[in-house]
Amino acid sequence: MSTVRVRIAPSPSGFLHIGTAKVALFNWLYARQTGGAFILRLEDTDADRSTEEFAEAMCEGFRWLGIDWDEGPEFAGQPEKGALGPYRQSLRKELHRREAHRLLEEGKAYRCFCTKEELDAAREEAMREKRPPRYAGTCRNLSAEQIAAMGDRPFSIRFRVEPGETVIDDLIQGPVKVDNKEFDDFIILRPNGEPIFHLAVVVDDGTMKITHVIRGDDHLTNAARHVMLFDALGYARPKFAHLPMVLDEHGKKYSKRLHGANVLDWRDDGYLPETLVNYVALLGWTPVEEGRELFTREELVQAFDIDRLGKSAAKFDLKKLQWINGQHIRRLTPEELRDRVLPILHRAGLDTSGKTPEWLAHMAAACQEKIPTLNDIVAYTDFFFAEPSHYEEKAVKKQWDKPDAAERLEHISQTMASVEPWSAEAIKVAFEALAERTGNPLGHFVHPARLALTGKSVGPGLFELTELLGRDAVVERLGRAIAFIQHGMETQS
RNA sequence: GUCCCUAUCGUCUAGCCCGGCCUAGGACACCGCCCUUUCACGGCGGCGACACGGGUUCAAAUCCCGUUGGGGACGCCA
């Protein structure tokens, strides 16, 4: 029985960010690999910015990626899971408050009567004078009499940072030593009784028995504060692993407003969830098996190794993502591909109701090796569901602007009218025979035919496409194309 | 300003901890060739990096120091 307990603790103040997804994935992989528990905790203490819609959007992102949690809040009709809840930070305030007051009683924290205005002014002044903006310690050593004299003036609670050195034994960064002099006494509870992030995370991680805190390295410095709090509160210190962040293609922080910051943007763009999972996993992790880059979610669980995490930030590379997507699309069965692509076809306004599931699976198979994203299916197959609305201009010039163009299509049409059986293989043989008989290369007939049947110059293999289209449609479309060449060339713009 | 983290091809990275096997390996991208009914796929080849400067050493991508670049923390945000 594994005792590993890890968590993802997003603040529901936006969609699921690509960086959060990375952190979640590594936590999830570690949990799944060790047989431990993966916990979702919503850090919604900032009521102004946290909304239920965001919480749902975030969960939808996780669901799409296939990152499921063993313990977490109630969501979308699902009841809360787990024995150490509640899993919304906002519902744990009472506990946070109690722990803050416990520290106060134990002398590990103290009352601070400074007002926000005073503190803000002091910080600004320090910044202006290029001094480290730290709390001056005004209320650090107030006597009982002085405190009593404050009457019922509101106060915040500050953690008392003791002199010494704090060491974070980070699984990724190695031991990180920080002199406690670098930290001032930080506030853990606001005058209104609301907990501050540092207190809330530590209390929650401590009481939820988190064993490994795997998160973004923007928290590395905070980790020292957290370690001090863990110790002061008497909780077992978790192990830490601070992951490098995900940068955009220019090497900047992946801004929320950038397309792709929301993992669901990628779904909308036609990427498979397994692609995102695979790609993000490679951002900072390399398998022992050298050269291997393609993994399913399950294979990642097997291969993942927390010791092989990199230390530096990685830029997001769309081209690599596209390549991985193509690879994963090829690994789908035709039926799986069909099922994933059908909603996209429908959204594009194509009516697939006239086709059987088997036919649609064949169609999917014909495109499988060609489409970089699921969305490309539309351009590759729309002509199956509707007559080509027009012929690609450049292709018309190249293929049909020849004296014998109509004649060639006529040959093809006659051939197609009599091929038996109506199969891609037989159609291929017929085309080859036609080419040979007339002493032409195969392309001499294939290219004009493609244009006649699809209106385009690129698409699925011609013979498969021809079979799928059916003899009647093929002969009819060839006829139209011949008519177009004979009468319509000059009217086409 | 102080402190912390980080730095190998354009990009993701292997190698670094335990110096020599590194004339630095792979992948994506790019270029060329081959395959080929288009587009892809696939195959072959090419281009292409140890940020800089000092040490230590017979020997440094690998160890040490500094510089520079990037990121982060220093909030009654999370």
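In what follows, every chain begins at residue 1, and chains take the letters A, B, ... in the order their sequences are listed.
Note on Gly284(A): only backbone sugar-phosphate atoms sit closer than 4.0 angstrom, heavy atoms only; bases stay farther off. No contact: Asn192(A) has no heavy atom under 4.0 Å from any strand. If you check every strand for non-hydrogen atoms under 4.0 Å, Thr115(A) touches a base. Contacts of His219(A) with the nucleic acid, taken as non-hydrogen atoms under 4.0 Å apart, include base atoms. Using a 4.0 Å heavy-atom criterion, one finds that Ser11(A) contacts the sugar-phosphate atoms exclusively. Residue-level contact check: Cys114(A) touches the bases, meaning some heavy atom is under 4.0 Å from a base atom. Among the protein residues, Lys181(A) comes within range of no part of the nucleic acid, since none of its heavy atoms lies under 4.0 Å from any strand.
In this entry rC16(B) has no Watson-Crick or G-U wobble partner, no candidate having both defining distances under 3.5 Å. The partner of rA27(B) is rU11(B), judged by Watson-Crick or G-U wobble contacts that both fall below 3.5 Å. Pairing of rU2(B), defined by two Watson-Crick or G-U wobble distances under 3.5 Å, is identified with rA73(B). The pairing partner recorded for rG42(B) is rC34(B), the criterion being a Watson-Crick or G-U wobble arrangement whose two distances lie under 3.5 angstrom.
The closest side-chain heavy-atom distance from Leu345(A) to Val378(A) is below 4.5 Å.
Distances shown here put a side-chain N or O of Arg123(A) below 4.0 Å from the OP1 or OP2 atom of rG75(B). When the side-chain nitrogen and oxygen atoms of Arg225(A) are compared with OP1 and OP2 of rC4(B), none of them lie within a distance under 4.0 Å. Contact check, Gln173(A) against rC4(B): no side-chain N or O comes under 4.0 Å of OP1 or OP2. For the pair Lys320(A) and rU11(B), the criterion of a side-chain N or O lying under 4.0 Å from OP1 or OP2 is not met.
In this structure, of rC3(B), rU37(B), rC41(B), it is rC3(B) that holds the atom nearest to the side chain of Glu182(A). Closest to the side chain of Pro133(A), out of rC74(B), rA27(B), rG72(B), is rC74(B).
Separation of the C1' atoms belonging to rC22(B) and rA60(B) is 11 Å when rounded to the nearest angstrom.
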